Amino acid sequence: MDAAMDAPMHRRGLLAATAATGLTLATVSFAHAADHPGPGPDNGPHRTRTVRGTLPAGSPDYVYLPVEVPRGVAEFAVSYTYGKPPVPPGVQGNALDIGLFDERGTALGGRGFRGWSGGARTSFFVRADAATPGYLPGPVRPGTWHIALAPYTVAPEGLPYEVTVTLRFGEAAPTPSPVYPPERAKGRGRGWYRGDCHVHSTHSDGRRTPAEVAAAARAAGLDFINSSEHNTTSAHAAWEGLWGDDLLILTGEEITTRNGHVLAVGTDPGVFVDWRYRARENRFGRYARQIRRAGGLVVPAHPHATCIGCNWKFGLAEADAVEVWNGPWTPDDEVALAEWDNALVASVRNTGVRNTDVRNTDDGPGRWLPAMGNSDAHREPDRVGHPQTVVLAESLSRRAILAGIRAGRSYLAESAALTLSFGATDGRGRHAGIGERLRAAADAPVTVRLEVSGAPADCTVRLVTDQGALLTTPLPATGAGVVEWRTTPDHAAYVRAEVRHAPAVPGLPGAFAALTNPVFLGAAAGTAG
């Protein structure tokens, strides 16, 4: 690894460490403003340094460039470029992400975190009163700051880079107090609420502004969204004036590790969750607990996506739900659905297990994971709300929505046009809805009923149990209909419903229009009678 500068600097040896701390390059040193009063482009004193180097193939996940910041700095600005040589087919080219930590350091936990833009931007700044989206405004205090370089992929011949740091000196403006979204929409009681918990804006790699995301959510008929930018909380304070009694805005993060992405859904505003670890380091449990302490849900995103670093490697033991449907339906989602269904089967094998987790009731099955569907919308033509998670909640509030998701009282739909009602009833009039449990004798007759409205033409309903799909029937061309099926708890430990489009390729399943979480039947846990 080599580095060169366009001005002298103090040099330190490279330090080898874990994947989180990576490597530390030689320190960039700046003189005080009083020593260099020359005007900059904004007619204020500034100083610039440029660092050049090459990262070899096999570089650590994070390479830190220390910058000594003197007193009197009002703005810290960075721009960077890197080489993208052509590579043979099947060989990864260069991709270099970037972020910033202040004088509080780079230790895991993110105490010094000041922002992240990944590969979405080539420049950024922070100052007391403002910052580039993805970065946090605040004072530029003296001390050693660190630019985080993250070689996402490196070509065989290496990744040449150039980083330019500009410090602008002067009086710092006051830092405004952030205004965060309220936790409750007024006047909204018990009902089914539609939401999209995986959306992106200009605060990470999205192309829509927060205002455009909010407008798209309303146009899609949504009642709530979750702010889920990659590895940053900068958008938490960017929604002012965009919420209302018709739209609840939750704050969270998409924690984007090298071994998969996980949504922090509905965490306390301003809470940052670190991402700089791999599954082999056995650290994820610590950050999953941090999400829950902050009031949020842990939801692995697109667990079988094929992009580099996207496939979920941490297991599902710490998850509160799992995203089985991400954007337009693809084979990746089909695999995620099958894995989720297998997990449902495993949960009902754990007969008699009392669940100490708040996700399920005490008389329910062994611990099970609810399914979620989200758009992961970044830009046009991505559709916010395709798909969406429809949640039964006591109110349109952060606490109630998260409780509904955690309990699995929800279904997934491709649009707000589609509505489902699903449940099971026994001969004694007892009823269980989505995510609930019907206690009945093992041989007691149970009627499962699905009502569908607003489905596209040529859709088919499938009722799926722990044995597989036991009923398949077409919907009327109107897209509305009722399907009833009789079974017993001994025959079906749970039942869930699918509404699918006609297959585009004969012999393969069609894309989803809707999917429910299961209704559990009592004999699966030995609760006969």
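Both backbone and side-chain heavy atoms feed into the values below; hydrogens, waters and symmetry mates do not. Each residue takes its place number in the sequence, starting with 1. The shown structure was predicted, so the numbers you read here are calculated from the model rather than taken from an experiment.
Proximity of D196 to T389: side-chain heavy atoms (C-beta onward) are nowhere separated by under 4.5 Å. Side-chain contact between D333 and V324: absent, with no pair of heavy atoms (C-beta onward) separated by less than 4.5 Å. In this structure, Y64 and I147 have side chains that are not in contact, with every pair of non-hydrogen atoms separated by 4.5 Å or more. Considering only heavy atoms from C-beta on, H304 comes within 4.5 Å of N311 through its side chain. No side-chain heavy atom of L420 sits under 4.5 Å from any side-chain heavy atom of W192. Side-chain contact between L96 and Y161 is present, with at least one heavy-atom pair separated by less than 4.5 Å. Contact of the I405 side chain with the V299 side chain is not registered, since no non-hydrogen atoms from C-beta on lie closer than 4.5 Å. For the pair L65/V163, a side-chain contact is recorded, criterion being any heavy-atom separation below 4.5 Å from C-beta on.
Every side chain to side chain donor-acceptor pair (under 3.5 Å) that D268 has, sequence neighbours left out, goes to R398. For R194, the side chain to side chain contact (heavy atoms under 4.5 Å, CB included) test picks out L222, D223, Q388, V390, Y411, A413, A416, T419, with sequence neighbours left out. Listed by chain and residue number, W312, V322, A336 satisfy the side chain to side chain contact (heavy atoms under 4.5 Å, CB included) test with P303 (two or more places apart in sequence, or in another chain). Scanning for side chain to side chain contact (heavy atoms under 4.5 Å, CB included) contacts around V179 gives E240, W243, with sequence neighbours left out. Residues satisfying the side chain to side chain contact (heavy atoms under 4.5 Å, CB included) criterion with H378, sequence neighbours excluded, are H200, D205, H230, D376, D382.
A donor-acceptor pair under 3.5 Å is formed between the side chain of R500 and the backbone N or O of G510. Of the possible polar contacts, none joining the W325 side chain to the F512 backbone as a donor-acceptor pair under 3.5 Å is found. In this structure, R367 contributes its side chain and A317 its backbone to a donor-acceptor pair below 3.5 Å. Remark: the backbone N or O of L297 is not paired with any side-chain donor or acceptor of D320 at under 3.5 angstrom. N517 places no side-chain N or O within 3.5 Å of a backbone atom of P370 that could act as its donor or acceptor partner. A distance-only check finds a donor-acceptor pair linking the side chain of T175 to the backbone of A128 [under 3.5 Å]. T132 places no side-chain N or O within donor-acceptor distance of the main-chain N or O of Y135, the cut-off being under 3.5 Å. Side chain of S227 to main chain of G252: no donor-acceptor pair is present (N/O by atom type, distance under 3.5 Å, no hydrogens or angles). A side-chain donor-acceptor contact under 3.5 Å links Y152 to the backbone of I308. Judged by distance alone, the side chain of T233 and the main-chain N or O of H236 form no donor-acceptor pair under 3.5 Å.
Considering every non-hydrogen atom in both T267 and G296, the closest pair reads CG2-CA, 3.9 Å. A pairwise comparison of heavy atoms in L136 and V126 identifies O-CG1, 4.0 Å as the closest pair. Shown here for A321 and P300, the closest heavy-atom pair between the two residues is O-CD, 3.1 Å. Between G373 and P387, the closest heavy-atom pair is C-CG, 3.7 Å. Heavy-atom minimum distance, V154 versus P151: CG2-CB, 3.7 Å. The two residues V87 and A155 make their nearest non-hydrogen contact at CG1-CB, 3.8 Å.
Within the structure, the side chain to side chain donor-acceptor pair (under 3.5 Å) test picks out the following pairs touching residues 119-128 (sequence neighbours left out): E75-R127, R127-D129.
Remark: L337 CG to L515 CG distance equals 6.0 Å, nearest 0.5 Å. Here OG of S421 is found 7.0 Å from CD1 of I434. Values are rounded to the nearest 0.5 Å. Of the inter-residue distances, the one linking L450 atom CG with R462 atom CZ reads 13.5 Å to the nearest 0.5 angstrom.
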Set out, in order, the CA-CA distance, both residues' side-chain angles and the distance that settles salt bridge (charged side-chain N to carboxylate O under 4.0 Å, His left out) for D245 and K186, then state yes or no. CA-CA 6 Å; D245 292 343; K186 296 179 182 178; over 6 Å; no
Begin with the C-alpha distance, continue with both residues' side-chain angles, and end with the deciding distance and a verdict on side chain to side chain contact (heavy atoms under 4.5 Å, CB included) for V265 and H198. CA-CA 9 Å; V265 178; H198 191 170; over 6 Å; no
So S204 and N231, side chain to side chain contact (heavy atoms under 4.5 Å, CB included) or not? Walk me through it. CA-CA 8 Å; S204 60; N231 299 342; over 6 Å; no
For V499 and T460, run side chain to side chain contact (heavy atoms under 4.5 Å, CB included): C-alpha distance rounded to whole Å, both residues' side-chain angles, the deciding distance at 0.1 Å, then the answer. CA-CA 6 Å; V499 180; T460 296; over 6 Å; no
Working note: E281 + R276, criterion side chain to side chain contact (heavy atoms under 4.5 Å, CB included); need CA distance, chi angles, decisive distance, verdict. CA-CA 10 Å; E281 297 172 61; R276 293 169 295 157; over 6 Å; no
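Between R292 and E318 a salt bridge is recorded (basic side-chain N to carboxylate O distance below 4.0 Å). Between D246 and R218 there is a salt bridge, since a side-chain N of the basic residue sits under 4.0 Å from a carboxylate O of the acidic one. Using a cutoff of 4.0 Å between basic side-chain nitrogens and carboxylate oxygens, D102 and R141 are scored as salt-bridged. The pair E380-R208 meets the salt-bridge criterion, with a side-chain N (NZ, NE, NH1 or NH2) lying under 4.0 Å from an Asp/Glu carboxylate O. Comment: R496 engages D341 in a salt bridge, judged by a side-chain N to carboxylate O separation of less than 4.0 angstrom.
Using a 30° and 60° split on the angle between ring planes, F76 and W145 fall in the parallel class, below 30°. Ring pair F314/F284 is tilted by interplanar angle, where 30° to 60° counts as tilted.
When the shell of 6.0 Å around CG of D458 is examined, it contains 12 or fewer heavy atoms from other residues, nucleotides or ligands. The environment of CZ in R111 is sparse: at most 12 heavy-atom neighbours from other residues, nucleotides or ligands sit within 6.0 Å.
For the 3.5 Å distance criterion, the side chains of E253 and T232 fail to qualify, holding no donor opposite an acceptor. Between Y62 and D97, the side chains place no donor N or O within less than 3.5 Å of an acceptor N or O (distance only, hydrogens not considered). Using a 3.5 Å distance cut-off with no hydrogens or angles, the side chains of H302 and E323 do not pair a donor with an acceptor. Inspection of the S234 and H203 side chains reveals an N or O donor paired with an N or O acceptor under 3.5 Å. H386 and E414 are not linked by any side-chain donor-acceptor pair at a separation below 3.5 angstrom, with hydrogens and angles left out of the test. With hydrogens and angles left out, the side-chain atoms of E334 and W329 include a donor and acceptor closer than 3.5 Å. A donor-acceptor pair shorter than 3.5 Å cannot be found between the side chains of T153 and Q92.
By the 6.0 Å and 45° rule, R283 does not stack over the aromatic ring of Y277.
Each of W116, Y287, F113 was evaluated against F272; a single residue qualifies, F113, per the ring-ring contact (aromatic ring centres under 6.0 Å, His included) test.
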